Amino acid sequence: MQPIGIFGGTFDPIHFGHLRLAEEMAEGIGLSRVVFIPAGQPPHRGAPRTAATHRLEMVRRAIAGNPRFAVDAREVQSPRPSYTVDTLATLRAELGDEPPLWLLLGADAFLGLPSWHEWRQLFELAHLAVAARPGAQLMQSDAMPEVLKNEVSQRQVAAGSAGSVLLRQMTPLDISATAIRDTLARHGSARYLLPDVVLDYIHEHQLYLHT
Ligand code: ATP
């Protein structure tokens with residue numbers, strides 16, 4: 001059974017940091033595909049965010065042409081907030097127990113894992129592949145919460161369909177959606193930080209004009 005990558009994020013907007021992470025993980029781990037899952041509208045956050053439909057469409061355009069990449073709209077279409085653990089459980093139910101699932105994460109997201117809803121359950125459902133990210137100290141172990149360190153040290157062997165943790169280097173790209181939004185809000189150029197097709201979409205729909 002060929003392993004499948006699952007890549008969640010707000011993708012507000014999707015950029016080359018996301019796309020390189022997915023590409024390098026796919027190549028390095030040997031994933032048959034990577035499924036991008038944009039998060040739905042976070043209900044508890046006060047500030048208006050980019051509509052989920054826009055974020056979904058930007059992901060669609062960004063990955064078009066890569067036969068290994070796919071997008072899944074289940075979180076965007078859900079009326080309720082989606083926890084990663086629930087999304088993985090539904091995917092696992094659909095795909096069966098056999099295929100290895102790899103949850104792809106950047107280092108900053110991984111370091112925050114202990115605050116996620118039922119986070120230990122994630123290891124029952126998928127392997128975790130964590131990419132180093134500039135600014136998030138992953139390989140320096142003193143930056144990692146003790147509970148995570150324990151999980152990492154016990155979960156180094158990738159066997160079966162879930163349960164291991166892999167820390168991987170990737171081409172360091174110090175790109176963030178926050179910095180792109182800030183640049184666009186001051187009418188600066190975000191070119192070459194994200195695909196042209198995404199930038200065209202942003203301009204067409206006048207997104208990110210304000211911080
Ligand atoms: P924001 O600046 O709005 O917080 P972001 O750029 O961190 O956004 P998200 O959509 O929150 O993007 O990230 C989705 C996933 O991609 C997370 O696991 C995050 O760690 C990872 N990621 C994002 N950008 C990079 C990058 N430049 N290098 C490595 N991982 C990244």
Side-chain angles (χ1 to χ4, degrees), residues 5-29 31 34-42 44-63 69 71-73 75-76 81-85 87-88 101-117 119 122 126-139 143-145 148 165-186 188 190 192-195 198-199 202 207-208 210-211:
I6 309 295
F7 190 26
T10 41
F11 303 122
D12 189 16
I14 188 167
H15 54 68
F16 285 135
H18 300 128
L19 292 161
R20 263 325 282 186
L21 183 156
E23 182 71 0
E24 293 190 24
M25 288 293 192
E27 207 174 23
I29 301 173
L31 304 172
V34 175
V35 184
F36 289 68
I37 309 186
Q41 205 79 354
H44 50 276
R45 294 235 200 132
R49 302 181 62 90
T50 313
T53 48
H54 285 313
R55 293 185 288 105
L56 178 68
E57 186 55 30
M58 289 189 281
V59 171
R60 266 206 188 111
R61 291 182 186 213
I63 67 170
F69 288 178
V71 63
D72 185 308
E75 290 196 3
V76 162
S82 305
Y83 295 113
T84 300
V85 68
T87 301
L88 277 179
L101 296 182
W102 283 88
L103 182 66
L104 310 184
L105 294 166
D108 57 312
F110 179 68
L111 292 176
L113 204 70
S115 69
W116 290 21
H117 181 62
W119 67 281
L122 296 171
H127 297 299
L128 267 62
V130 185
R133 181 175 187 180
Q137 305 300 338
L138 180 62
M139 306 302 172
M144 204 185 284
L148 275 185
V165 179
L166 206 66
L167 308 183
R168 292 187 68 96
Q169 295 294 348
M170 63 171 273
T171 305
L173 291 168
D174 197 357
I175 302 174
S176 75
T178 303
I180 291 174
R181 291 195 301 272
D182 290 348
T183 298
L184 292 169
R186 59 174 172 75
Y192 310 127
L193 296 173
L194 69 176
V198 175
L199 204 50
I202 287 170
L207 306 179
Y208 309 115
H210 308 284
T211 41

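Every value quoted in this text rests on a predicted model; they were computed, and no experiment measured them. Indexing begins at 1, ligand by ligand and atom by atom, following the structure's order.
Within the 4.0 Å heavy-atom criterion, the part of H15 lying near ligand 1 is the side chain and not the backbone. By the criterion of a heavy-atom distance under 4.0 Å, both the backbone and the side chain of A177 are placed next to ligand 1. When non-hydrogen atoms are compared, ligand 1 lies under 4.0 Å from the side chain of F7 (C-beta onward) but not from its backbone. Residue contacts with ligand 1 for L21 involve side-chain atoms from C-beta outward but no N, CA, C or O (heavy atoms, distance under 4.0 Å).
Applying the 4.0 Å criterion to heavy atoms of S176 picks out, from ligand 1, the atoms 2 (O), 6 (O). Those atoms of ligand 1 with a heavy atom of T178 less than 4.0 angstrom away are 1 (P), 2 (O), 3 (O), 4 (O). Distances below 4.0 Å separate heavy atoms of G9 from the following atoms of ligand 1: 10 (O), 14 (C). Taking every non-hydrogen atom of L105 and a distance limit under 4.0 Å, the qualifying atoms of ligand 1 come out as 18 (O). The distance from ligand 1 to the heavy atoms of F11 drops below 4.0 Å at these ligand atoms: 10 (O).
Here the protein heavy atom with the shortest distance to atom 12 (O) of ligand 1 is H18 NE2, 2.9 Å. Scanning the protein for heavy atoms near atom 3 (O) of ligand 1, the closest one is R181 NH1, 3.0 Å. Among all protein heavy atoms, the one lying closest to atom 20 (O) of ligand 1 is D108 OD1, 2.5 Å. Protein heavy atom closest to atom 18 (O) of ligand 1, with residue, atom name and distance, is G106 N, 2.9 Å. Closest to atom 11 (O) of ligand 1, if we only count protein heavy atoms, is T10 OG1, 3.4 Å. The nearest protein atom to atom 22 (N) of ligand 1, hydrogens excluded, is given as R133 NH1, 3.6 Å; this is a heavy-atom distance.
Taking the six-membered ring where the residue is Trp, F11 and F36 present tilted rings, their angle falling between 30° and 60°.
The line from CG of L105 to CG of L111 is 10.0 Å long, rounded to the nearest 0.5 Å. A distance of 5.5 Å separates CG of L103 from CG of L88, quoted to the nearest 0.5 Å. The CG atom of L19 lies 6.0 Å from the CZ atom of F69; values are rounded to the nearest 0.5 Å. Residue L194 holds its CG atom at 10.0 Å from OG1 of T183, rounded to the nearest 0.5 Å.
Tested against D72, the residues L56, V35, I6 include a single side chain to side chain contact (heavy atoms under 4.5 Å, CB included) partner, V35.
Here the side chain of E75 pairs no donor or acceptor atom with the backbone of I37 at under 3.5 angstrom. R55 places a side-chain N or O within donor-acceptor distance of the main-chain N or O of A39, the cut-off being under 3.5 Å. Under the 3.5 Å distance criterion, the side-chain polar atoms of R181 are matched with a main-chain donor or acceptor of D12.
Using a 4.0 angstrom heavy-atom cutoff, G8 counts as in contact with ligand 1. Residue contacts with ligand 1 do not include D12, since none of its heavy atoms lies under 4.0 Å from the ligand.
Side-chain contact between L128 and L113 is present, with at least one heavy-atom pair separated by less than 4.5 Å.
The shortest N or O to N or O distance between A131 and ligand 1 is not below 3.5 Å. The shortest N/O to N/O separation between I175 and ligand 1 falls below 3.5 Å.
Ion pairing between a basic and an acidic side chain is recognised when a charged N comes within 4.0 Å of a carboxylate O; E23 and R20 show no such pairing.
In this structure, Y83 places its OH atom where only 12 or fewer heavy-atom neighbours from other residues, nucleotides or ligands lie under 6.0 Å away.
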